[in-house]
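Worksheet for the structure shown next.
What's counted below: heavy atoms across the whole structure, side chains too, no hydrogens, waters or symmetry copies. Atoms within a ligand are numbered from 1 in the order they appear, just like the ligands themselves.
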Amino acid sequence: MASLKLFGKIGSKPVYLIKLTNQQIEVELLSFGATVRSLRAKDKFGVMRDVVLGYDSIEEYLNNDGYLGATVGRCANRISNSIFFINGKKYKLTPNENANQLHGGKEGFSHKCWSFKCLENSVTFLLDSPDGDEGYPGNLHAEVSFSINNSSLRIDYFAFSDMDTVINLTNHSYFNLSGHGSGCVSSHMLKLGAEKYTPCSEGNIPTGTIESVKGTVLDFTNRKELSSALIPLETAPTTGLDHNFVITDKVAAQLYSPESGIEMSCSSSLEGIQIYSAGFLTPRCGKENSLYEKFQGICFETQHFPDAVNKPSFPSPIVKAGEKYNHWTEFKFEVK
Ligand code: GAL
């Protein structure tokens, strides 16, 4: 079932909250940023627990950093020096993290008001991004659908443009399977369907190589406690996990909270997943007066590899004029 109410206003523009519910899952979405505001799944006590970080007011979504629950685009993650070339033409993007562009620029898709269409068990958000938006070529039309089925949330991404352009959409939900206000996720267990990752140099920009996780703290091919990476990486430039893994298995990632008994499995049509353990999340007030800070959530950002447009060795994130960009990611919740 889908229901709708006003969440707040940006100037005179209304921002709506759409709620999708069935017996096993309840998801609240906002038309600002096509954002997941809450996601309730059944825990081992049979209680619906809210397992994503979010805010209570539109002002907090507007003023705080961190992209909590948002749809990120036109291009998720970083583009080095905010420059790329398509068909020999140089495009200069708006930089918003030193010289680089992060998550689509100063006012990326995460900060736009989307229009939407509701169906019984789904909502589709729609956005038109004009030629030159944050420096990207082409008039682009994007659609992101969220649908619930049994205990799963599926996200379908669709876009096309009238010029060759870069497109790489993701969702930036911070999951805490013990509950959104319950503290650090370090005792969660993680398994990744990935034997390789893309190492980075300064500014978290990939070197362009693909390396094995074997013998490193990034080896989650067997289920391990998150603390095994968070503690050694705490003083690394990434402040914890903030790495792009190369998805090889049907299930890209599996996260489990022994406290709630909730296990989440993430699958996707995309070839990369940024595992980000919220090392840059500064202390702030979240939903229901919860205090959020570093390591209190973990993001599973399915994506084309970071800076792929500037790395010929990576799969290309370029979509040609008239071609369709079509990808999906699914999050499934079970009690184990
Ligand atoms: C992640 C990114 C992090 C950080 C975060 C937003 O996707 O990998 O480095 O920028 O978004 O705070």
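- Salt-bridge formation is not detected for the pair E134/R74: no Lys NZ or Arg NE/NH1/NH2 atom is positioned less than 4.0 Å from an Asp or Glu carboxylate oxygen.
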Evaluation steps, salt bridge (Lys or Arg N to Asp or Glu O under 4.0 Å), between D43 and R49: CA-CA 6 Å; D43 66 14; R49 232 185 247 224; 2.9 Å; yes

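- A salt bridge links R223 with E263: the distance from a Lys NZ or Arg NE/NH1/NH2 to an Asp or Glu carboxylate oxygen falls below 4.0 Å.
- For ligand 1, the 4.0 Å heavy-atom shell takes in Y67, N77, R78, L102, H103, H172, D242, Q274, Y276, F280, E301, ordered by chain and residue number.
- Aromatic ring centres of F109 and H111 lie farther apart than the 6.0 Å criterion allows.
- The aromatic rings of F160 and F158 sit perpendicular to each other, their planes meeting at more than 60°, with 30° as the lower class boundary.
- Using a 4.0 Å cut-off between a side-chain N of Lys or Arg and a carboxylate O of Asp or Glu, R284 and D65 qualify as a salt bridge.
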